[in-house]
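Note on naming: letters A, B, ... go to the chains in the order of the sequence lines (proteins, then strands), and numbering restarts at 1 for each one. Only a predicted model underlies this, so the values are computations on that prediction, with no experimental measurement involved.
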Protein chains: 2
Amino acid sequence: MAISSRFTVGVHILALIELNKEEKTSSEFLAGSVNTNPTLIRKIMGMLKKAGLIEVQPGIAGAKLAKSPSDISLLDVYKAVDVVHENELFSLHENTLYECIVGRNIHDSISPVLSAAQLSMEKELGNVTIQDIIQDIVQKESGSGNP
Amino acid sequence: MAISSRFTVGVHILALIELNKEEKTSSEFLAGSVNTNPTLIRKIMGMLKKAGLIEVQPGIAGAKLAKSPSDISLLDVYKAVDVVHENELFSLHENTLYECIVGRNIHDSISPVLSAAQLSMEKELGNVTIQDIIQDIVQKESGSGNP
DNA sequence: TGACTTGTAATCAAATTAAATACATGATCG
DNA sequence: CGATCATGTATTTAATTTGATTACAAGTCA
């Protein structure tokens, strides 16, 4: 099991839109960079748009960020592309036996722990912004010896 | 997407073995409480045994915990049943375009963030033991008005 | 108008999960 | 010793999910 790549692709899209802001960034161009097809990119862009993270207009190439990259956290992206629902990172077996002390209580006993674990993971994502990712990319690039 | 219920079922199994320690706990009995089939229970028990969390012997009904329940964390169970591999909670799109600044750097730039998020979630699981779950079950039970 | 774009629906193949079945092997007891 | 019950494992099946693909409607603009 793994969390859908829609999330990391979403981050890729946002970072590239910003780094390529002098040019028009089409879904075709993004798809090439991500190495997938433009349909998937448009689907994800639709979700990012709905969440108010980017601005795109039908028929017009060139998406823009709707906010400063330092105001977009990875958690915002994660929520926007809807990869994990609230309290649903972990699966619980349903219809455990009511006649058993564990069966009738395990759900309520373990759920708070699972929630806390999920929230802790999400909190980490909230501490990092698209700007941080962009800066890291640019810094790696400058240190790489590339011209 | 969600993390396999093998994890929460594993916790259920351990808690029930301990709470039922005066009797012999068979995979059949456990399957009834979890509401699944004995085969799945045995598969998970095999993993718990391999990880040194329980003691089971072929042909003999009655599994026992191999350690004190206060020495078994939910993280131990999570690792034992192998639901999420190290650094693989999140998916990354493979073969991003090397000719693009984002394509050639995004993997290395985002991976540390994803690792940190996963580790943070796992750390939370490490803070809770089977004993904590058992206590909570017993406490809920006593507060429920059940005789 | 024609070329290019976004938006969206529908279909398809691959991978994963848990359920189910079958059977070999070990233990126990009459 | 042989019947019964247990664990250990392999295999198959059905359901679900993911991403790839195809198709096409509708917007933009030279």
Please enumerate all residues that pass side chain to side chain contact (heavy atoms under 4.5 Å, CB included) together with [X], with sequence neighbours excluded.
| X | answer |
| --- | --- |
| B:Asp136 | A:Ser109, B:Gln139, B:Lys140 |
| A:Glu28 | A:Ser26, A:Pro38 |
| A:Ser5 | A:Thr8, A:Val9, B:Ser91, B:His93 |

Pick base, sugar-phosphate or nothing for A:Lys49, based on heavy-atom distances below 4.0 Å to the nucleic acid.
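If one applies the 4.0 Å heavy-atom cut-off, A:Lys49 turns out to touch the sugar-phosphate alone, with no base involved.
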Reading DNA chain D from 5' to 3', where do the contacts with chain B start and stop? Cut-off is 4.0 Å to heavy atoms.
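Terminal contacting nucleotides, 5' to 3': D:dA6 to D:dA20.
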By a strict heavy-atom criterion of less than 4.0 Å, which residues belonging to residues 16-23 of chain A are in contact with DNA chain D?
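Under 4.0 Å from DNA chain D: no residue of residues 16-23 of chain A.
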Go through residues 57-67 of chain A and report each residue with a non-hydrogen atom lying under 4.0 Å from DNA chain D, sorted by number.
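Heavy-atom cutoff 4.0 Å gives A:Pro58, A:Gly59, A:Ile60.
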Is the shortest heavy-atom distance from the side chain of [X] to the side chain of [Y] under 4.5 Å?
| X | Y | answer |
| --- | --- | --- |
| B:Leu19 | B:Val138 | yes |
| A:Asp76 | A:Leu125 | no |
| B:Ile17 | B:Lys21 | no |
| A:Leu74 | A:Val11 | yes |
| A:Phe7 | B:Leu92 | no |

Non-neighbouring partners of A:Glu122 that pass side chain to side chain donor-acceptor pair (under 3.5 Å), sequence neighbours left out:
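In terms of side chain to side chain donor-acceptor pair (under 3.5 Å), with neighbours along the sequence ignored, A:Glu122 is linked to A:Tyr78, A:Gln118.
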Sequence-distant partners of A:Lys24, side chain to side chain donor-acceptor pair (under 3.5 Å), two or more places apart:
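Expected list: none.
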Contact list please: residues 24-47 of chain B against DNA chain C, heavy atoms, distance less than 4.0 Å, in numerical order.
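By residue number: B:Thr36, B:Asn37, B:Thr39, B:Leu40.
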Assess, by modelled atom type and distance only, whether the side chains of [X] and [Y] contain a donor and an acceptor separated by less than 3.5 Å.
| X | Y | answer |
| --- | --- | --- |
| A:Ser120 | B:Ser120 | yes |
| A:Asn35 | B:Thr96 | no |
| A:Asp71 | A:Ser68 | no |

Quick one: which residue pairs count as a ring-ring contact (aromatic ring centres under 6.0 Å, His included) with a foot in residues 34-56 of chain A, not counting sequence neighbours?
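Found none.
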Below 3.5 Å is the cut-off: list the nitrogen or oxygen pairs between protein and nucleotides 11-17 of chain C, distance only.
| residue | atom | partner | partner atom | Å |
| --- | --- | --- | --- | --- |
| C:dT17 | OP1 | A:Met1 | N | 3.3 |

Atom pairs and distances, side-chain donor-acceptor, residues 39-50 of chain B, under 3.5 Å, sequence neighbours left out:
| residue | atom | partner | partner atom | Å |
| --- | --- | --- | --- | --- |
| B:Arg42 | NE | B:Ser27 | OG | 3.1 |
| B:Lys49 | NZ | B:Val56 | O | 2.9 |

Atom CD1 of A:Ile54 to atom C1' of C:dT5: distance rounded to whole Å?
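To the nearest whole Å, that distance equals 14 Å.
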